[in-house]
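Taking it in order: structure first as structure tokens, then the write-up.
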Amino acid sequence: MSVLSATYFDGKHSSGRTVSVVLSGRTMKIVGRDIDERHDARRVRRSLRVANTPRWLYLPGGGACVTQDNDTVDRWTREGRYERVLNRWESHPAYAAISVLLVVALLWLLIDRVLPKAVEQVAERIPVAAEAALGRDGLEGMDRFFLRPSKLPLDRQQDLRARFLEIARNDAGGGEYRLEFRASPVIGANAFALPAGIIVITDEMVALARQDAELLGVLAHELGHVRHRHVMRRLLAGSATALIIAAVTGDISSATSLAASAPAVLVQTKFSRDQEREADRFAIELMRKSGIDPRNLAAILARLQGKSKAGSVLPSFLSSHPATAEREALASGQGGAAGRADEGGSGKDDPVPR
Amino acid sequence: MSAPRGSRSNTLIAVPLALSFFAIGVALYGGNRGAQVQGPREIAAVSDDALWLVVDDEVLVLDAAGAVKSRFSTDSFGFANSFSTITRMPEGRVLLSVRGIADWPVVEAATGKVLKRIGPGSEEGKRAIDRTYHLAVGPSGDIAMATSGDHSVLLLDAEGRQKARSPDGLFRFANSVWHSDEGWWVADTNNHKLRLLDAATLAPKAEIALERGLDPAIWTGQARPHPAGSEERFATLARMQDGMIVGRVVDVDRSGKERVHYRLGDGAEPGALMWWRGHLLVVDSRRFSLDAYRPDGSAAGKFGDAEVQAALEGRLAQKRAWKFANQGGIGFALVALVVALWMYRRSRSAAAREAGTVRAEAIAGSPAGERFERLQFSGNAREYFRIWIVNLLFTLLTLGIYSAWAKVRKKRYFYGNTTLQGDSFDYFGSPRAILRGRILALAVFVIYAFTGQLWPASNFLFWALAALFLPWLVVRALRFNANNSAWRGLRFDFGATTKQAAWFYLRMLAGVVFSLGAALPWFMARQRAFVMSNHAFGTSRLECEIPARAYFGIYIRGGLLLFALSIPFGVMLGIMAGKAPALGKFAWIGIFLPLALLYAAYAIAYAYIQARTANLAWNGTHGPGLKFSCTLSADKLAKLYLGNLLAAACSAGLLIPWAVVRTLRYRCENLAVIFEGETAHQANPALGRVGATGEELGNLFNVDFGI
């Protein structure tokens, strides 16, 4: 026989009565002033233990008893497996520490390993045609705000197109792309890939190059972005990361959840750096297959770096591109044994005396 | 809560606020103007007995001794500000140029009249215009253009057509250039050399490797031929450390060794150099001075008469004044802002004290039988951390499926630790129902996202459907939550029907649309009241009246608060982002600090709105034998939120449970129920079970019902 003291609510009125709950064999007796009830103990549902919150015994017929005496209730009932696991993990401090480590490890695994692969798989299965609307809207948007029609002579454009087509043929992946020429005083020398295989290159970039081989290197890099569906992957990863972070920080008020967007930015920039490296590798491979010296890519990257006035204000973990020195090393290293030591060296190039 | 008294104190606060904004305007303007003052830029001999010194937008014509003969503005050549180079040409003419403009006037030195305009004719030359470049003119009229970052020297004829070009890969940053009998001498800055190029073909003929001494990072700025032109004294150079700071001026011999060091003094920044009548004239671009030195390196005092000094000092004073306006403006703005905030806090706490006394009197004077019972919260961070971390772990392990059980556990912990009159609340939502709801919500979301990518028009369809379903969603979500919550064994209920909700939202939509959004606070007030009013405890229905006017006041003040706090932070962000390169490695602090302050500003404004609206809503709610009192302080709530932000950021999220618990405890302890008499409440027999779909869908699409 085992007794615990509880408060009884009949579920019809808001007033409660102090009672004693007695368990003997299979019968549960509720005894108190004006109350004497018997119930089959197997039909009484109890709530799961949550730390030291009051425990509820829901009686058949609609009433309920609430008690602070969690231990007695535990003794009365057989713990299910779920309860046992929860109890162990939630009561011992050691388990809390292990949980923290496991959570960190799992999150890292999820975001750094699983997510990129999953996103890659999903992106591969989406046909390029599906991106058509995105690409078109993207280009229209850029045309409205940042880009202007190219001033490059048409025959020069045709020439570049033809040359690029030649080397693009060496790409085993095949598939489509569309080369667009634009001028952009706002953006300056740049080239970028939009969804649906659209590659845009600015007149300023064409002017910056000393030889066509350098331009082909840049275009090969952008083709790498297209081939690996980087834009789509970034979109998917972005939503997935946001979902994960929202799930993790679900409780807190929205003001604090702003702070949670900071790690999302870090994840995004790392993702973007990995993509840039992948595109670089693709470009170098393609250039080699087409018989173009990959160091051309390094040369134009170095010149681009020299052109940028602010230099590297952002530490590398915040930047969306790997450090130029790293990219140049990659490109130069693949170029072959003999090479001038100075070529494509460190980014420290142009001081501006006055 | 009624409108606070002391509206005079509110207007007084506007004064330092306005001053703060004004000061920021002044700071921005001052910074801009200060940057435009560059002082003396270039000095050159235009004939055998006249010098031109260009100081910002003015040219001072000096005689051989440095006395001012005349002055004119750079405007007369078509330049808005000062020019970059003055190059002497044969036949008493001068070639002027400005970086960025491909149009070089050829001017008659004696009269200052523009004779003609030439410019670089080739593509290469036109490209090089955007960088600094240096010009030199030979006796035949040929012009050598050293293109600095384009790494080349171009030879142009007297009309600007390109005749020759230095070989590729020779120069790394082609700097100063001058003509001599041997050919063109050019400073090759990054290769630390002086190179001699053939006068007609620009083929390299010779080179001098400049001594670098102990400092490998030394660069060469301006270079000029030494008048002696001998083996021992070949050229005079300005040499700078890494980062283009400081400066020394030295003479080098023909083997590149430094022979004479000119004693410029500390903090000198030599810009232009020139040999004149046996003295070296150095233009200092930081101190705005023109100094003369003897060939042995010793200083010979300032060059130029009193008028020159006055002009230079005047510019320096101007620059300093603008800099003071800039920095002083920022400092003043911050001080004024702090004063405004302090004044605001004082008026708030005075008002709160008043309101507190009023309420205390009201309670003390309340009729017998009225009991004032605060909610109590008995949870603590350590307990909750364990629950939270295990929830997170299991959720991750099950790829999110456990999240439904986690939610129930979390709610049970909080409900169970909240007590009123000694009795706790209970939550018994079924995890399976929640899971079903979440899976459905996820499916809807994924379909929405994918069809959105493929057919953007489908987004409109979804939002239209969402609008149609909104009333149903709202009702279901609120009812599920209410029905699964209980106190003293009696379940809560949300009694509005879908039709009532639909009608309500339709009226709201009409109101907001017709007022072009200005009626938003009215909508928020009405919605809150609608939600509260349809809740019931058992059969005891709650009623809620919120004066919409008060909501307007709260939102307007909240918006102003956000504005007042975020403008200076935003400006600081802009200024620091501009100065970032100067901070070097710590530049990112300059960007993050204002960003963090912006977050803080948002948290403060949000806390204000939340506290005030919650107080209004609860104080306006009553039921049979029930009244409510909510006494949240915007101050304390803001401090809580800021602390939470900081804790979450510093602990990579591990302190989130602590933040949640302490915020909840504060909110609980500031909510009280006033029981009038001994009204007993009864259960509502009509309560059935409601599925969880509404609540989960609502969550996923971020429809916050704002309780």
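Convention: sequence-line order gives letters A, B, ...; per-chain numbering from 1. Below, all heavy atoms of this structure are taken into account, side chains as well, without hydrogens, waters or symmetry copies.
For A/R49, the part sitting under 4.5 Å from any heavy atom of chain B is the backbone (N, CA, C, O) and nothing else. Within the 4.5 angstrom heavy-atom criterion, atoms from both the backbone and the side chain of A/S47 approach chain B. For B/L654, the part sitting under 4.5 Å from any heavy atom of chain A is the side chain, from C-beta outward, and nothing else. Proximity to chain B (any heavy atom under 4.5 Å) is shown, for A/D10, by neither the backbone nor the side chain. Interface residue A/V85: only side-chain heavy atoms are found under 4.5 Å from chain B. Contact of B/F394 with chain A is made through the side chain alone, with heavy-atom distances under 4.5 Å. Looking at A/W89, the atoms closer than 4.5 Å to chain B (heavy atoms on both sides) sit in the backbone and in the side chain alike. Residue A/S99 touches chain B through both its backbone and its side chain, counting heavy-atom pairs closer than 4.5 Å. For chain B, no part of A/R55 is nearby; none of its heavy atoms comes within less than 4.5 Å.
The CG atom of A/L208 sits 8.0 Å away from atom CZ of B/R127, with the distance rounded to the nearest 0.5 Å. In this structure, the separation between CG on A/L102 and CG on B/L397 is 7.0 Å, given to the nearest 0.5 Å. Atom CD in A/E90 sits 10.0 Å away from atom OH in B/Y413 (nearest 0.5 Å). Here OH of A/Y8 is found 15.5 Å from CZ of B/R488. Values are rounded to the nearest 0.5 Å. Atom CG of A/L110 and atom CG of B/L399 lie 7.5 Å apart (nearest 0.5 Å). Between A/T53 atom OG1 and B/I387 atom CD1 the span is 7.5 Å, to the nearest 0.5 Å.
Closest approach of B/D168 to A/R210, counting heavy atoms only: OD1-NH1, 4.4 Å. Contact detail for B/L490 and A/G11: the closest heavy-atom pair is CD2-O, 3.6 Å.
Per-residue heavy-atom pair counts under 4.5 Å with chain A were compared for B/E123, B/E383, B/R386, B/R382, and the maximum is reached by B/R386. Residue with the most contacts toward chain A among B/G400, B/G416, B/A607, B/A647: B/G416 (heavy-atom pairs, distance under 4.5 Å). Contact count versus chain B (heavy atoms, under 4.5 Å) is highest, among A/A64, A/P93, A/P195, for A/P93. Looking only at heavy-atom pairs under 4.5 Å with chain B, the residue among A/G16, A/S15, A/S91 that has the most is A/S91.
Between A/Y58 and B/D426, the side chains place a donor N or O and an acceptor N or O closer than 3.5 Å (distance only, hydrogens not considered).
The side-chain heavy atoms of B/F385 and A/V100, taken from C-beta on, include a pair separated by under 4.5 Å. Side-chain contact check for A/F9 versus B/D423: some heavy-atom pair is nearer than 4.5 Å. Residues B/R409 and A/L86 meet the side-chain proximity criterion, which asks for heavy atoms closer than 4.5 Å.
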